[in-house]
Amino acid sequence: MYDKNNVFFKILQKEIPSEIVYEDEVCMAFRDINPAAKIHVLVITKGCYVNFADFVENESAENVQKFFKSVAHVAEKLGVRESGYRILSNTGRDAGQEVEHFHVHILGGERL
Ligand code: 5GP
């Protein structure tokens, strides 16, 4: 079950500052505080979903599509479309998911 007491909900509410690189009606994208690559951006949903499964099962098909199109748009905006990048979403305990608000990592800017 989604718990609003998580850091990404507070970032979404702008209660906690972040370096926002893009925002639209379905997502917010900001730089990871502890980057694992030269470019490391997190794209989070505006809706409250715990993880990938929760998001795709419970969000409208239209908004799921919009979200993933926005992820591609953010990668383009970051200038990594041609050079390449990795997207990943940790889901649950075995993946080591730290923050229980659905998000996609975009990693790039160097050979991973
Ligand atoms: P995950 O939940 O997919 O394992 O990873 C959560 C990510 O959020 C980590 O890469 C971590 O560095 C990042 N993170 C955690 N707290 C904050 C924060 O307060 N601000 C920002 N910008 N990133 C954060």
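Positions are given from 1, in the same order as the sequence printed here. Just so you know, ligand 1 is whichever comes first in the structure, and atom 1 is the first atom listed for that ligand. From a predicted model like this one, the values you see are computed outputs, not experimental measurements.
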Answer yes or no: is there a side-chain heavy-atom contact under 4.5 Å between [X] and [Y]?
X      : Y      : answer
Phe68  : Val64  : yes
Asn5   : Phe9   : no
Glu25  : Lys66  : yes
Asp3   : Glu100 : no
Glu98  : Asn90  : no
Lys46  : Glu23  : yes
Val104 : Phe67  : yes

Just jot down the ligand 1 atoms closer than 4.0 angstrom to any heavy atom of [X], in number order.
X     : answer
Asn90 : 1 (P), 3 (O), 4 (O)
Asn34 : 12 (O)
Val7  : 16 (N), 19 (O)

> Does the pair Lys10 and His101 meet the rule for a side chain to side chain contact (heavy atoms under 4.5 Å, CB included), with working shown?
Replying inline: CA-CA 11 Å; Lys10 289 176 184 149; His101 178 115; over 6 Å; no

Look at [atom] and say which protein heavy atom is nearest, naming residue and atom and giving the distance to 0.1 Å.
atom                    : value
atom 8 (O) of ligand 1  : Phe8 CZ, 3.3 Å
atom 2 (O) of ligand 1  : Glu98 N, 2.8 Å
atom 22 (N) of ligand 1 : Arg31 O, 2.9 Å
atom 6 (C) of ligand 1  : His103 NE2, 3.8 Å
atom 24 (C) of ligand 1 : Ile33 CG2, 3.5 Å

>> If we set the cut-off at 4.0 Å for heavy atoms, which region of Ile11 has an atom near ligand 1: side chain, backbone, both, or neither?
In response: side chain

Just distances here: any N/O of [X] and N/O of ligand 1 closer than 3.5 Å?
X     : value
Gly96 : yes
His40 : no
Phe30 : no
Asp32 : yes

>> Exactly one of Leu42, Ile44, Thr45 should register a side-chain contact (heavy atoms from CB on, under 4.5 Å) with Met28. Which one does?
In response: Ile44

>> I want to confirm something. Looking only at heavy atoms, which of Glu19, His105, Gln97 is nearest to atom 5 (O) of ligand 1?
In response: His105

